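To start, the structure itself, in structure tokens.
All figures in this text were calculated on a predicted structure; none of them were measured in a lab. For ligands, and for the atoms within them, numbers begin at 1 and follow the listed sequence.
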Amino acid sequence: MKYISTRGGMAPQPFSDILLEGLAPDGGLAVPETIPQVSDDTLEQWRGLSYAELAGEILGLFIDDIPQEDLRSLVAAAYNSDVFPGPRMVPVKPLKGGMSLLGLSEGPTLAFKDMAMQFLGQVFEYVLEHRGATLNILGATSGDTGSAAEYAMRGKRSVTVFMLSPQGRMSDFQRAQMYSLQDANIHNIAVEGVFDDCQDIVKTLAGDLEFKEAYRLGAVNSINWARIAAQVVYYFWGWLRATDQGGAREVSFCVPSGNFGNILAGHIAREMGLPIRRLVLATNENNVLEEFFRTGVYRPRSSAQTHATSSPSMDISKASNFERFIFDLLGREPEQVRELWKQLEENGQFDLSDLKPQFEARYGFVAGTSSHADRLATIRRVYEETGVLIDPHTADGVKVAADFVEEGVPMLVLETALPAKFAETIREAVGIEPPVPAHLAGLASLPQRVVNMACDVEQVREYIREHAPLRNSEAP
Ligand SMILES: *Cc1c(COP(=O)(O)O)cnc(C)c1O
């Protein structure tokens, strides 16, 4: 299995080589040369597997330059009951109205990003140690990605993490989660600014190729293919559990979306032959993706036009993984992708309304939006009907999914976070404190370790110079 770029300008490379890179050298994204196919017989053989075993089988289809036995050890270390203490690791929790939640948030940071990051932590360390190499991960977070990355990389010998976060812009819980980590290889930097300022600093430093080389800077952002591949696993898991009793054959999934990473994994699973009926994309007030699936026009917004909402992890107006879906939609023609992204740069949008009939008929995609009022009403209704408390992002999914439930087709809504992470909105909706899982009970009172910094790229550069143990010997 080799990987190519959506823009056609990269010689085919094995998994381990694209693992540590961000964008392909031609500015595109790495995708598998062909999508592996899974037969109905194989699906049935997978029914009895544990989550880790299933992950080994599926990731093995995408990764053939790591011996299968080693891969099995990596997934066993990523997916076990110490890391994901919930029942069955990824539980399915029934709601009313033909829907269930797919419980992806039982991991250390209570958001679905742990599912992919825990594997990434294992496979990064494995590949780096085999190459005798080291990496300094530089990232920016608005909350969920940073903590998932830090919990996955903490204590790893070959990796050091520098994570920028916006001062005073995260929930108390998110801050406590990140800043309470005392591991020497984790550096939290709180920047006086907003998320976009942090992101700009990262882009400047990663764009300084000399600095990037010298300090071996790497990323773990949502375009990382290993994250997408690890997310494919839970679509298979969800399908298997929803069809365990017989009866249904097709299953629909609804995905609260921002960067299009989570639902892209659903698209890949469907292309592999998993009988997915619909992929329902849910957005909040930032509805760039919903607009695309409704009209065929993709029109990203500026950060000034991006609303700050009560489902903040979906406050994204430029979906970094979207290009991978467009590549497939255009029949995997890199020339056409290049042309479209040129139009995007020149006009701020592109128009694929010609292809609109294919969105649902060929790819199963439909979409809807949810507002603050919808979120509150949905959290309240689900709580009253079932006693289950859902977080604001998952509520966006439940709200949108309701319009697409069909008789005889189970609808799985991906639970992208637990309510404990977003207590303020839960209080507003139902007037109670969301429960905090036992392993995080004392979090708020732990000492915190964070460096405050002005919004100044040179200060961050200096900090990395001083604190990166891992650098090339000739580093300036
Ligand atoms: C990251 C995140 C999302 C959005 O996922 P994408 O892969 O960016 O589409 C939704 N909900 C929560 C809680 C998240 O942390």
Side-chain angles (χ1 to χ4, degrees), residues 29 101-117 120 139-152 165 170-171 173-174 177-178 195 199 220-232 234-235 253-269 279-290 292-293 300 306 309-325 365 367 369-370 375 378-379 390-401 413-423 425-426 434:
L29 302 179
L101 295 178
L102 184 61
L104 302 175
S105 301
E106 310 285 325
T109 73
L110 314 188
F112 85 96
K113 294 195 170 69
D114 288 327
M115 298 298 306
M117 281 298 184
L120 202 64
T141 186
S142 57
D144 292 339
T145 306
S147 55
E150 291 184 355
Y151 275 73
S165 51
M170 297 189 295
S171 73
F173 190 89
Q174 288 175 317
Q177 250 183 339
M178 288 179 60
F195 169 71
Q199 187 68 36
V220 290
N221 48 24
S222 73
I223 60 169
N224 187 291
W225 175 260
R227 283 180 65 182
I228 305 292
Q231 289 170 183
V232 169
Y234 52 69
Y235 286 88
F253 289 87
C254 180
V255 189
S257 292
N259 261 321
F260 205 79
N262 200 356
I263 201 164
L264 178 77
H267 162 70
I268 302 289
L279 288 165
V280 184
L281 181 142
T283 68
N284 63 19
E285 291 87 338
N286 298 295
N287 69 331
V288 176
L289 291 168
E290 181 270 338
F292 174 79
F293 285 104
T306 306
T309 76
S310 49
S311 46
S313 303
M314 293 156 65
D315 291 350
I316 292 168
S317 297
K318 200 191 287 168
S320 51
N321 268 295
F322 195 50
E323 186 171 335
R324 286 183 166 124
F325 171 67
F365 270 98
T369 66
S370 163
R375 230 163 274 142
T378 305
I379 293 170
I390 56 175
D391 104 290
H393 306 78
T394 309
D396 289 332
V398 170
K399 188 268 172 182
V400 171
V413 178
L414 273 50
E415 183 180 45
T416 55
L418 290 192
K421 272 193 120 152
F422 302 97
T425 304
I426 302 300

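- Closest heavy-atom contact between A395 and I379: CB-CG1, 3.7 Å.
- Residues M117 and V220 share a closest heavy-atom pair of CE-O, 3.6 Å.
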Check each N or O atom of ligand 1 against all protein N or O atoms and list the pairs under 3.5 Å, with atom names and distances to 0.1 Å, one per line.
| from | atom 1 | to | atom 2 | distance (Å) |
| --- | --- | --- | --- | --- |
| ligand 1 | 7 (O) | G261 | N | 3.2 |
| ligand 1 | 7 (O) | N262 | N | 2.9 |
| ligand 1 | 8 (O) | N259 | N | 2.7 |
| ligand 1 | 9 (O) | G258 | N | 2.8 |
| ligand 1 | 9 (O) | N259 | N | 3.2 |
| ligand 1 | 9 (O) | F260 | N | 3.1 |
| ligand 1 | 11 (N) | T416 | OG1 | 3.0 |
| ligand 1 | 15 (O) | K113 | NZ | 2.5 |
| ligand 1 | 15 (O) | D144 | OD2 | 2.6 |

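- Counting only distance, with no hydrogens or angles, the side chain of D391 and the backbone of F422 share no donor-acceptor pair below 3.5 Å.
- With values rounded to the nearest 0.5 angstrom, L101 atom CG is found 10.5 Å from C254 atom SG.
- S313 and D144 share a side-chain donor-acceptor pair at under 3.5 Å.
- One side chain, N286 or D315, offers a donor N or O that lies under 3.5 Å from an acceptor on the other.
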